[in-house]
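Computation of the quantities below employed the complete heavy-atom set of this structure, encompassing side-chain atoms and omitting hydrogens, waters and symmetry-equivalent molecules.
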Amino acid sequence: MKEEVLVFVFDGYADWEPAFVCAELNASDTGHAVKTIAANGDPKTSMGGFRVLPDYTLGNRPNDFALLILPGGEAWLGHGNDAVLPLVEHAIGRRIPVGAICNAASFLAQHGYLDGIAHTGNTLSFMKQVAPAYRGEAHFQERQAVCDAGIVTANGSAALEFGREILALLEAKSQDDIAAWYHMNKQGFYPAD
């Protein structure tokens, strides 16, 4: 039976941010299956206009899963996604990995999850501005993506680096295969013009 990876979706979620890694994790050879979860069962429309009917709601979610992915979007900045906090707490409390990219990383910062671990986000100054309760400045790294203590953080321009960290954390592919996947998607078939 495949281990489920839950992707939290909401109106306006940044669909491209988890796309690369979800395509890899959902492949037949990884042992994972990607499922969506939302605050309720209503269809959610991404920034790119994709309409998704969630597989799960916060009220009927599984207790065991392999990873929780929190894609970016504006809703994180206006407390629009605070309902997901119990799920984040459940995951972290059970040592289930959590991946947060773009504004979702700032959400984790605001709620204290990044205060004592290495992490990154959409610049330190932005994180401090949008997450006034954040106290993890000493652990902020100016990198595209960072993994520490089972939490992967990334800035909004780092969809591939986010994916690379998640694939490595879950050991979904060999290190060589992850490097080849990253190189192919970053560089393409031909050198950049």
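If you take CD on E137 and CG on L114, they are separated by 13.0 Å, rounding to the nearest 0.5 Å. Between E3 atom CD and L25 atom CG the span is 10.5 Å, to the nearest 0.5 Å. Separating the CD1 atom in I178 from the CD atom in E165 is a distance of 9.5 Å, to the nearest 0.5 Å. Taking CG from L67 and CD from E4, the interatomic distance works out to 12.0 Å, rounded to the nearest 0.5 Å. Taken from CD1 in I96 to CG in D64, the straight-line distance is 6.0 Å, to the nearest 0.5 Å. Atom CZ of R51 is separated from atom CG of D11 by 9.5 Å, given to the nearest 0.5 angstrom.
For E161, the side chain to side chain donor-acceptor pair (under 3.5 Å) partners are Y182, K186, not counting sequence neighbours. Residues passing the side chain to side chain donor-acceptor pair (under 3.5 Å) test with N81, sequence neighbours excluded: none.
Ring to ring, H79 and F107 are not that close: their centroids are 6.0 angstrom or more apart.
Remark: side-chain polar atoms of H90 are paired, donor with acceptor, to backbone N or O of N63 under 3.5 angstrom. No donor-acceptor distance shorter than 3.5 angstrom exists from the side chain of R143 to the backbone of F140, with no hydrogens or angles considered. No donor-acceptor pair under 3.5 Å is formed between the side chain of Y13 and the backbone N or O of D15. A donor-acceptor contact shorter than 3.5 Å is absent between the side chain of T57 and the backbone of N40. N103 contributes no side-chain N or O that, together with a main-chain N or O of L77, makes up a donor-acceptor pair within less than 3.5 Å. Between the side chain of N155 and the backbone N or O of C102 there is no donor-acceptor pair closer than 3.5 Å. A donor-acceptor pair is defined here as one N or O able to donate and one able to accept, closer than 3.5 Å; no such pair exists between the side chain of N60 and the backbone of Y56. Distance alone, capped at 3.5 Å, is enough to place a donor-acceptor pair between the D148 side chain and the A118 backbone. K173 contributes no side-chain N or O that, together with a main-chain N or O of E171, makes up a donor-acceptor pair within less than 3.5 Å. Using a distance-only test at 3.5 Å, with no hydrogens or angles considered, a donor-acceptor pair links the side chain of H119 to the main chain of I117.
In terms of heavy atoms, A38 sits closest to V9 at CB-O, 3.4 Å. Across Q144 and A158, no two heavy atoms sit closer than the pair O-CB, 3.3 Å. Of all non-hydrogen atoms in W181 and V21, the two that sit nearest each other are CZ2-N, 4.4 Å. Closest approach of P43 to P54, counting heavy atoms only: CA-CD, 4.3 Å. In this structure, V98 and A91 approach most closely via the heavy-atom pair CG2-CB, 3.8 Å. Nearest approach of P97 to A66, heavy atoms of both residues: CD-O, 3.2 Å.
Both L68 and L169 are part of a single hydrophobic cluster, where members link through side-chain heavy atoms under 4.5 Å apart. Placement of I69 and L85 within a single hydrophobic cluster is found when ILVMFWY residues are connected by side-chain heavy-atom separations under 4.5 Å, directly or transitively. Linking ILVMFWY side-chain heavy atoms closer than 4.5 Å, directly or via other members, places M47 and F20 in two distinct hydrophobic clusters.
Using cut-offs of 30° and 60° for the angle between ring planes, the W76 and F10 rings count as perpendicular.
Two residues are said to be in side-chain contact when any heavy atoms from C-beta on lie closer than 4.5 Å; L58 and L87 meet this criterion. For the pair E24/T30, no side-chain contact is recorded, criterion being any heavy-atom separation below 4.5 Å from C-beta on. Side-chain contact between Y134 and D115 is present, with heavy atoms from C-beta onward closer than 4.5 Å.
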Determine, step by step, whether D176 and S174 satisfy the side chain to side chain donor-acceptor pair (under 3.5 Å) criterion, reporting the C-alpha distance in whole Å, the side-chain angles of both residues, the deciding distance to 0.1 Å, and the verdict. CA-CA 5 Å; D176 287 345; S174 71; 5.4 Å; no
Take H32 and F65 through the test ring-ring contact (aromatic ring centres under 6.0 Å, His included) and record every step on the way to the result. CA-CA 10 Å; H32 294 92; F65 45 94; over 10 Å; no
Let me see the working for F50 and K44 under side-chain contact (heavy atoms from CB on, under 4.5 Å), right down to the final yes or no. CA-CA 8 Å; F50 292 102; K44 305 296 179 241; over 6 Å; no
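Side chain to side chain, T36 and D55 meet the donor-acceptor criterion of an N or O pair below 3.5 Å. Side chains of E142 and T120: no donor on one and acceptor on the other come within 3.5 Å.
No more than 12 heavy atoms of other residues, nucleotides or ligands lie within 6.0 Å of CZ in R95, so this atom counts as exposed by the packing criterion.
Of the candidates L6, I101, V88, V7, L70 forms a side chain to side chain contact (heavy atoms under 4.5 Å, CB included) with just one, namely V88.
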